[in-house]
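These notes are about the structure you will find just below.
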Amino acid sequence: MLDIKYIRQEPDAARERLAQRGEEAGKIDELLALDEKRRGIVTEVEALQADRNAASKEIGALMGQGNKEEAEAKKAETRELGDRIDALNTQKNEADEAFNNLILTLPNLAHASVPVGPDESANEEIKVHGDKPAFDFEPKGHVDLCDALGLIDFERGTKLSGSGFLLYTGWGARLERAMIQYLLDLHVHEHDYTEVSPPFMVQAECMEGVGQFPKFLDQAYAVQEGLDGETLGKRYLIPTAEAPVANLHRGEILSETDLPKYYCAYSPCFRAEAGAAGVATRGMIRVHQFDKVELIKVVKPEDGYDELEKMLINAETVLQQLGLHYRVLALSSGDMGFAAAKTYDIEVWAPGQGSYLEVSSVSNTEDFQARRMKTRFKAEQGGNQLPHILNGSGVALARLFVALIETHQRNDGSIKIPEPLQPYLRADTIPAA
RNA sequence: GGAGAGGUGGCAGAGUGGUCGAAUGCACUGGUUUGCUAAACCGGCGUAGGGGGUAUUCCUUCUACCGGGGGUUCGAAUCCCCCCCUCUCCGCCA
């Protein structure tokens with residue numbers, strides 16, 4: 001959620017920065033108009049409430065003196081005040097609602113270092129690691145590899161749950177599990193994150209807190225309890241562990257010495273991908289359920305961007321250790337996610353696809369999420385402040401799986417397992433079938 | 001699912017219609033005293049928002065908030081209704 005005080009003070013800058021995000025700058029003016037209306041009503045209603053409080057005190061005093069007549073007269077008078085207050089309160093609630101409905105749909109503003117542009121064409125490649133691997137044979141795509149080695153049973157996955165759902169089998173299931181374990185150990189033991197294992201469904205408030213709702217309600221799987229339609233819309237399958245974990249301190253006031261907090265979590269991620277039909281093809285690049293290890297940080301605002309760089313490196317380490325070629329993009333203002341003030345995407349090379357796949361998105365949301373979820377910390381100097389909340393994939397597994405098997409396939413049909421994964425898989429090769 | 005108990009400030013815990021934003025204790029914090037530490041004593045110490053003071057961070061004033069929402073009343077932490085959550089016991093269950 002944007003800071004209304006900032007918008008009041010710097011409306012021109014706010015208009016310009018909102019436009020960079022592909023939103024109409026006019027929404028700032030709409031918001032300011034609603035804000036002004038709301039404040040006008042608040043001033044009025046609070047003055048009346050003060051009057052009523054004073055009158056009530058007088059009545060109490062009169063009653064105490066036994067002066068019933070005067071007390072009754074005063075009561076009648078004050079009753080009218082109450083009616084006016086009720087009427088104004090109704091207006092105030094309407095004004096608040098209109099204001100909130102608008103501000104909740106506005107995306108975060110981009111940090112000054114973010115390339116300005118309308119879409120992905122303005123993204124900047126800031127780093128490339130390694131080279132595209134050379135093959136002395138024609139590398140296969142992951143679908144062929146999975147079929148040949150029995151890693152994924154695409155047909156049965158579809159039979160069980162519909163298109164976009166995967167059934168990992170044999171070595172495939174073991175490799176998936178090994179990678180999860182490896183990723184968690186890496187971030188816990190090498191990068192100092194605290195592991196958490198969150199619920200895979202969250203209440204709507206959590207989705208609102210991270211900025212998924214109200215805008216992307218259509219991308220979520222809503223859960224219903226049995227046949228009780230009343231419960232529909234209470235809980236949602238998480239689209240990322242960010243939804244539960246970033247909300248860990250919702251409504252809390254932390255102390256400054258609690259910060260920074262580093263969390264990592266494994267979870268499956270459920271995405272309806274509404275509107276992506278037709279883009280989805282056979283394979284595991286765009287699916288409705290995939291595994292991911294997510295990184296979350298809650299930090300002091302002045303540390304936000306240093307922590308972002310560190311988190312990016314944490315995610316890159318995964319790809320480096322697994323011997324994969326990748327590049328890092330600084331996303332443009334028009335391509336970033338709703339809640340982000342700055343985002344790096346990591347794209348890993350998949351030789352069988354002949355293209356880069358996004359496996360990680362690392363963002364600083366600054367105080368955008370913190371304000372929505374009311375996570376604050378008490379500063380040593382006094383006063384409550386909003387922390388920066390960061391999130392990053394560390395990393396998304398289905399696509400990592402693709403890049404890994406396509407990169408490390410051998411001519412004989414086997415797959416070489418990178419050294420750090422070997423203890424987890426208890427093998428150095430997935431043998432040719 | 002059934003029965004009961006309960007949700008008050010960072011924590012513990014009073015408060016059953018007005019003088020209660022809320023006793024008291026603990027924690028925290030400023031100070032005095034003290035050779036150091038400790039103790040004792042004095043003071044401060046919730047959150048959000050509106051107005052004013054050239055001021056987001058200081059001062060001042062007002063308003064709201066005692067799980068959430070509605071109601072009664074001149075006035076609600078306190079009375080009434082609905083909902084949520086927690087705990088205990090029973091049942092069911094991985």
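Lettering of chains follows the sequences in order, A, B, ..., and the numbering in each one begins at 1.
Dashed line: the shortest gap from a side-chain N or O of A:R8 to OP1 or OP2 of B:rG50 is under 4.0 Å. Within the structure, a side-chain polar atom (N or O) of A:N53 is placed less than 4.0 Å from OP1 or OP2 of B:rA64. The phosphate of B:rG46 has neither OP1 nor OP2 within less than 4.0 Å of any side-chain N or O from A:K378. Neither OP1 nor OP2 of B:rU63 sits under 4.0 Å from any side-chain N or O of A:R52. At the phosphate of B:rG51, OP1 or OP2 sits under 4.0 Å from a side-chain N or O atom of A:R39.
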### Query
Yes or no on side chain to side chain donor-acceptor pair (under 3.5 Å) for A:Y236 and A:Q212, after CA distance, side-chain angles and deciding distance?
CA-CA 11 Å; A:Y236 298 83; A:Q212 284 286 332; over 6 Å; no
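If you check every strand for non-hydrogen atoms under 4.0 Å, A:A55 touches nothing. Using a 4.0 Å heavy-atom cutoff across all strands shown, A:S56 reaches at least one base atom of the nucleic acid. Using a 4.0 Å heavy-atom distance criterion, A:D3 is classed as making no nucleic acid contact.
Rounded to a whole Å, the NZ atom of A:K57 is 12 Å from the C1' atom of B:rC62. In this structure, A:K374 atom NZ and B:rC65 atom P are separated by 16 Å, rounded to whole Å. We find that NZ of A:K92 is positioned 11 Å from P of B:rA64, with the value rounded to whole Å. In this structure, CZ of A:R38 is placed 10 Å from C1' of B:rG50, rounded to the nearest angstrom. Rounded to a whole Å, the CD atom of A:E97 is 14 Å from the P atom of B:rG69. Summarising the geometry, the separation between CG on A:N384 and P on B:rC28 is reported as 19 Å, rounded to the nearest angstrom. Put simply, CD1 on A:I253 is 14 Å from C1' on B:rC11, counting in whole angstrom units.
In this structure B:rU47 sits in a base pair with B:rA64, meeting the Watson-Crick or G-U test at under 3.5 Å. Nucleotide B:rU88 forms a pair with B:rA3, judged by Watson-Crick or G-U wobble geometry with both contacts under 3.5 Å. Base pairing of B:rC58: its partner is B:rG53, meeting the Watson-Crick or G-U wobble criterion (both donor-acceptor distances under 3.5 Å). Base pairing of B:rC36 is not made with any nucleotide, judged by Watson-Crick or G-U wobble geometry with both donor-acceptor distances under 3.5 Å. Look at B:rU16: it lacks any Watson-Crick or wobble partner with both distances under 3.5 angstrom.
When distances run from any side-chain atom of A:Q49 to the nucleotides B:rU63, B:rU47, B:rG18, the shortest one goes to B:rU63. For A:A50, the side-chain atoms get nearest to B:rU63 when compared with the rest of B:rU47, B:rU63, B:rC74.
With hydrogens and angles ignored, a donor-acceptor pair closer than 3.5 Å exists between the side chain of A:E46 and the base of B:rG49.
Base orientation for B:rU16: anti, the chi torsion being more than 90° from 0.
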